[in-house]
Amino acid sequence: MVIMDLRIFTEPQQGADYDTLLSVARAAEELEFDAFFRSDHYLAMGDATGLPGPTDAWITLAGLARDTSRIRLGTLVTAATFRLPGPLAIQIAQVDQMSNGRVELGLGSGWFAAEHAAYGIPFPDNRFGLLEEQLAIITGLWETKPGARFDFEGTHYQLTDSPALPKPVQDPVPVIIGGNGKVRTPRLAARYAAEFNMPFASIADSAAQFDRVRAAVRAAGRTDELIYSNALVACVGRTDAEVARRAAAIGREVDELRTNGLAGSPAEVVDKIAQYREIGASRIYLQILDLADLDHLELIAAEVQSQL
């Protein structure tokens, strides 16, 4: 049977300071979840006020690198529009050193135009081109041997005579690529990714996209296997009333969560995770939206994680 890792995935732009994120990360570590991940956004979505304000993803992970000891740490996903690839490679390598090799990089093209406007971040049309060049540069910098130099001549970025330092502890840092794109996304995953992630997708849509990525992997002549994963909102309760209370706390309807996420009793959630396992997923990112409800994590650890 495929081992199924459960990871905790948070959305701090909806309203969370560092101390709140630290409490969730430490709880996830103590409860033996595989990883703590966070989104990389600067603006709240929907009706949330976002108070007390956004936190930066990589500054957060740097803090958690020192304030935790075992759990893996990463982004789902960092936007290529937010940071230049050279400084981003330095930041991630440094956080990997600070965590003794526990960092993973989810990297995407960026999509939320309003947050770019709110914080003065350029939002170009050809964001996929930025993503492709950033992947080449970041992995190229890390792969360059000490003492050698790295050069890159692209449409969006040019690097000349880079010492390609510092190096991360991991060789390589796992890269996560995801999304619904039918051609370019699978191609990039086949070339650069250790893991392919489908965010908030049905079993059928996930299966179809996993097959596209597998085909791209074969076409690239790649021999090692990718990890296939899903990100899904979690809303678990021992009773219907507890499920309804947790759904209300995040402004969602129970029936919608059952359809589009992992919602219901522990047994229901275990059964649905098994359906994702059958299409090849071996990792689930549980989107936890109520970060004050640490009892939710305890329930999932005790009655869902223990059954996988």
Side-chain angles (χ1 to χ4, degrees), residues 4-41 44-57 59-76 99 102 104 200 229-254 257-258 261-270 272-273 283-308:
M4 182 66 75
D5 293 329
L6 293 188
R7 296 182 156 192
I8 300 303
F9 169 41
T10 62
E11 302 276 2
Q13 75 278 355
Q14 299 302 95
D17 59 15
Y18 178 77
D19 287 341
T20 298
L21 295 172
L22 176 59
S23 69
V24 176
R26 283 180 167 166
E29 183 168 76
E30 291 167 5
L31 294 167
E32 299 187 348
F33 288 100
D34 184 59
F36 173 91
F37 270 58
R38 59 156 294 161
S39 61
D40 192 359
H41 285 294
M45 302 172 195
D47 296 330
T49 65
L51 293 173
T55 51
D56 182 83
I59 290 176
T60 297
L61 295 177
L64 294 177
R66 309 304 283 182
D67 285 342
T68 61
S69 59
R70 179 199 63 81
I71 201 162
R72 296 192 66 78
L73 304 166
T75 52
L76 206 64
S99 68
R102 292 186 283 130
E104 302 185 15
F200 313 113
S229 65
N230 288 86
L232 295 160
V233 61
C235 182
V236 188
R238 290 185 176 88
T239 65
D240 288 345
E242 191 170 68
V243 175
R245 173 176 62 79
R246 289 199 163 111
I250 61 175
R252 303 280 286 270
E253 297 292 331
V254 172
L257 288 169
R258 278 195 164 101
L262 296 172
S265 69
E268 286 180 89
V269 171
V270 169
K272 191 163 185 181
I273 289 174
R283 182 171 288 165
I284 300 288
Y285 293 81
L286 300 171
Q287 186 193 46
I288 302 297
L289 296 176
D290 184 356
L291 299 183
D293 187 3
L294 298 183
D295 290 343
H296 195 197
L297 300 189
E298 293 179 5
L299 172 62
I300 294 168
E303 300 194 24
V304 175
Q305 184 171 239
S306 63
Q307 303 302 314
L308 299 176

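Side chains are part of it too, since the values below use all heavy atoms of this structure and drop only hydrogens, waters and symmetry mates. All of these numbers come straight from a predicted model, not from anything done at the bench.
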If every non-hydrogen atom of [X] is compared with every non-hydrogen atom of [Y], which pair is closest and at what distance?
| X | Y | value |
| --- | --- | --- |
| R70 | A28 | NH2-O, 4.1 Å |
| P52 | D17 | CG-CB, 4.0 Å |
| D56 | I59 | OD2-N, 3.1 Å |
| R38 | P12 | CZ-CG, 3.6 Å |
| A25 | I71 | O-CD1, 4.2 Å |
| A244 | V254 | CA-CG2, 3.7 Å |

Are the side chains of [X] and [Y] in touch, meaning some heavy atoms are under 4.5 Å apart?
| X | Y | value |
| --- | --- | --- |
| S265 | V243 | no |
| E104 | R7 | yes |
| P54 | H41 | no |

Quick one, Q307 with Q305, criterion side chain to side chain contact (heavy atoms under 4.5 Å, CB included). Give me CA distance, side-chain angles, the key distance, then yes/no. CA-CA 5 Å; Q307 303 302 314; Q305 184 171 239; over 6 Å; no
Among residues at least two apart in sequence or on other chains, which ones pass side chain to side chain donor-acceptor pair (under 3.5 Å) with D240?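 Side chain to side chain donor-acceptor pair (under 3.5 Å) list for D240, sorted by chain: empty.
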Whether the side chain of [X] engages the backbone of [Y] through a donor-acceptor N/O pair (distance < 3.5 Å, no angle test) should be reported.
| X | Y | value |
| --- | --- | --- |
| T20 | A16 | no |
| S99 | L73 | no |
| R66 | G63 | no |
| K272 | G261 | yes |
| R102 | T68 | yes |
| Q14 | A48 | no |

How long is the span from the [atom1] atom in [X] to the [atom2] atom in [Y], to the nearest 0.5 Å?
| X | Y | atom1 | atom2 | answer |
| --- | --- | --- | --- | --- |
| I250 | E11 | CD1 | CD | 11.0 Å |
| I8 | F37 | CD1 | CZ | 12.0 Å |
| L257 | L289 | CG | CG | 9.0 Å |
| L31 | L297 | CG | CG | 6.5 Å |
| L294 | S23 | CG | OG | 5.0 Å |
| L22 | E29 | CG | CD | 10.0 Å |

Charged N-O contact under 4.0 Å between [X] and [Y]:
| X | Y | result |
| --- | --- | --- |
| D34 | R72 | no |
| R258 | E268 | yes |
| E242 | R246 | yes |

Show your reasoning for whether side chain to side chain contact (heavy atoms under 4.5 Å, CB included) applies to L64 and F36. CA-CA 9 Å; L64 294 177; F36 173 91; 3.5 Å; yes
Donor-acceptor contacts under 3.5 Å from residues 230-238 side chains, at least two apart:
from: N230; atom 1: ND2; to: S206; atom 2: OG; distance (Å): 2.8
from: R238; atom 1: NE; to: E303; atom 2: OE2; distance (Å): 2.9
from: R238; atom 1: NH2; to: E303; atom 2: OE2; distance (Å): 3.4

Answer yes or no: does atom CD of E253 have more than 12 heavy-atom neighbours from other residues, nucleotides or ligands under 6.0 Å?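 Result for CD/E253: open.
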Run the side chain to side chain contact (heavy atoms under 4.5 Å, CB included) check on I273 and L6 step by step: do they pass? CA-CA 10 Å; I273 289 174; L6 293 188; 4.2 Å; yes
Would you kindly say whether Y18 and D67 are connected by a side-chain donor-acceptor distance under 3.5 Å?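 A donor-acceptor contact under 3.5 Å links the two side chains.
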Can you list every pair that meets ring-ring contact (aromatic ring centres under 6.0 Å, His included) and has a residue in residues 289-308, with sequence neighbours left out?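 For residues 289-308, and leaving out neighbouring residues, there are no ring-ring contact (aromatic ring centres under 6.0 Å, His included) pairs at all.
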Does the side chain to side chain contact (heavy atoms under 4.5 Å, CB included) test come out yes or no for I288 and F9, once each step is laid out? CA-CA 6 Å; I288 302 297; F9 169 41; over 6 Å; no
